[in-house]
Amino acid sequence: MTDKQSVTADLSYTVPLLINGKEVTTKTTFTVTSPASHKEIWQASSASLDEVKAATSAAQAAFPAWSKMKPNAKRAIFMKAADIIDSRAAELGEYMKIETGAEAPFADGFNVPKAAELLRDLGGRLNSIMGHIPTCDEEGTEALIVKEPLGVVLGIAPW
C-alpha cells in the first residue's frame, strides 16, 4: 500500500489460499462481513479437502529441507517476515480493523507490532533450540535429549 492508496472493502476481490507459495482462488467462496459495519467486505476462498491435501502435501515436501536448515538461515527468514510486517503495518492494521472490527489502538498499536515482535523473538531463540544431557538416576547410565522437528501439523483456525 502506498501513501495514496487505502484499504477498502471490495466485493469483487476474493482472498486466496496460499498453497506451495502460490495464491489459489477456489471455486467455492464465502462472504466476509465486517462485525463493526455489518457490511459485506470481500469474498474468501473456502478450503476443500483437496486444498487441504495439497497444502499438507506441499508442507510435507518442504519439511526435509526445512528440518535440515541451519538456525541462522531460519532466523533470517523470521527476521525478513518481521520486516515485511513492519513495512506493511498500516495496511495490515487497516485489514484487521475492517475484517475484525478491531479498534485502532488494538490493531495498529498492539496486534500488528506484536506479530513482528513475536517473529523476531522466535528467530532469536533458534540457536537455543538444542538438546541437553540430563543427570540420570541410575549409576553408570547416560542420556542425551535431542530436539528435532517431527513433521507437519495442520491447524484450522475457528474464524
Side-chain angles (χ1 to χ4, degrees), residues 1-67 69-129 147 149-159:
M1 179 177 81
T2 65
D3 292 338
K4 296 181 182 179
Q5 292 176 319
S6 64
V7 176
T8 58
D10 180 359
L11 279 174
S12 67
Y13 179 70
T14 301
V15 178
L17 305 173
L18 187 60
I19 300 175
N20 201 22
K22 296 178 181 84
E23 291 185 354
V24 176
T25 302
T26 60
K27 293 176 186 172
T28 306
T29 63
F30 59 93
T31 302
V32 178
T33 303
S34 169
S37 69
H38 303 287
K39 293 181 182 173
E40 295 178 348
I41 51 177
W42 43 71
Q43 300 296 307
S45 293
S46 295
S48 70
L49 188 55
D50 288 337
E51 282 91 26
V52 170
K53 287 178 182 178
T56 54
S57 293
Q60 192 64 39
F63 178 73
W66 176 259
S67 63
M69 189 181 293
K70 301 297 181 195
N72 286 342
K74 288 180 182 178
R75 181 175 39 257
I77 292 169
F78 284 102
M79 297 305 180
K80 180 166 178 135
D83 290 344
I84 291 169
I85 289 173
D86 286 341
S87 71
R88 296 179 64 183
E91 176 188 4
L92 297 172
E94 285 303 310
Y95 287 130
M96 183 178 292
K97 288 181 269 190
I98 291 169
E99 190 168 298
T100 69
E103 295 293 329
F106 180 70
D108 301 325
F110 175 76
N111 219 19
V112 173
K114 184 57 77 176
E117 179 186 326
L118 289 171
L119 287 170
R120 286 189 179 96
D121 182 61
L122 178 60
R125 293 173 187 260
L126 285 170
N127 274 340
S128 65
I129 300 175
K147 296 181 181 182
L150 295 176
V152 174
V153 175
L154 171 65
I156 301 174
W159 53 85

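No experiment lies behind these values; they were computed from the predicted model shown.
Side chains of V15 and V32 form no contact here, defined as non-hydrogen atoms less than 4.5 Å apart. Residues I77 and W66 meet the side-chain proximity criterion, which asks for heavy atoms closer than 4.5 Å. Between N127 and N72 the shortest side-chain heavy-atom distance falls below 4.5 Å. Two residues are said to be in side-chain contact when any heavy atoms from C-beta on lie closer than 4.5 Å; S45 and T25 meet this criterion.
The shortest heavy-atom contact between S34 and I98 is OG-O, 3.1 Å. The shortest heavy-atom contact between K97 and A107 is CG-CB, 3.7 Å. Heavy atoms only, all atoms of each residue included: S67 and P64 are closest at OG-O, 3.0 Å. Closest approach of L119 to A81, counting heavy atoms only: CD1-CB, 3.8 Å. When all heavy atoms of L126 and F78 are compared, the pair lying nearest together is CD1-CD1, 3.9 Å. Nearest heavy atoms, D86 versus A116: OD1-CB, 3.4 Å.
With values rounded to the nearest 0.5 angstrom, E23 atom CD is found 10.0 Å from L17 atom CG. Atom CZ of R88 sits about 13.5 Å away from atom CG of D83, to the nearest 0.5 Å.
With no hydrogens or angles considered, a side-chain donor-acceptor pair links Q43 and T31 at under 3.5 Å. Judged purely by distance below 3.5 Å, without hydrogens or angles, the side chains of S48 and E51 pair a donor atom with an acceptor atom.
A salt bridge does not link R120 with E117: every distance from a Lys NZ or Arg NE/NH1/NH2 to an Asp or Glu carboxylate oxygen is 4.0 Å or more.
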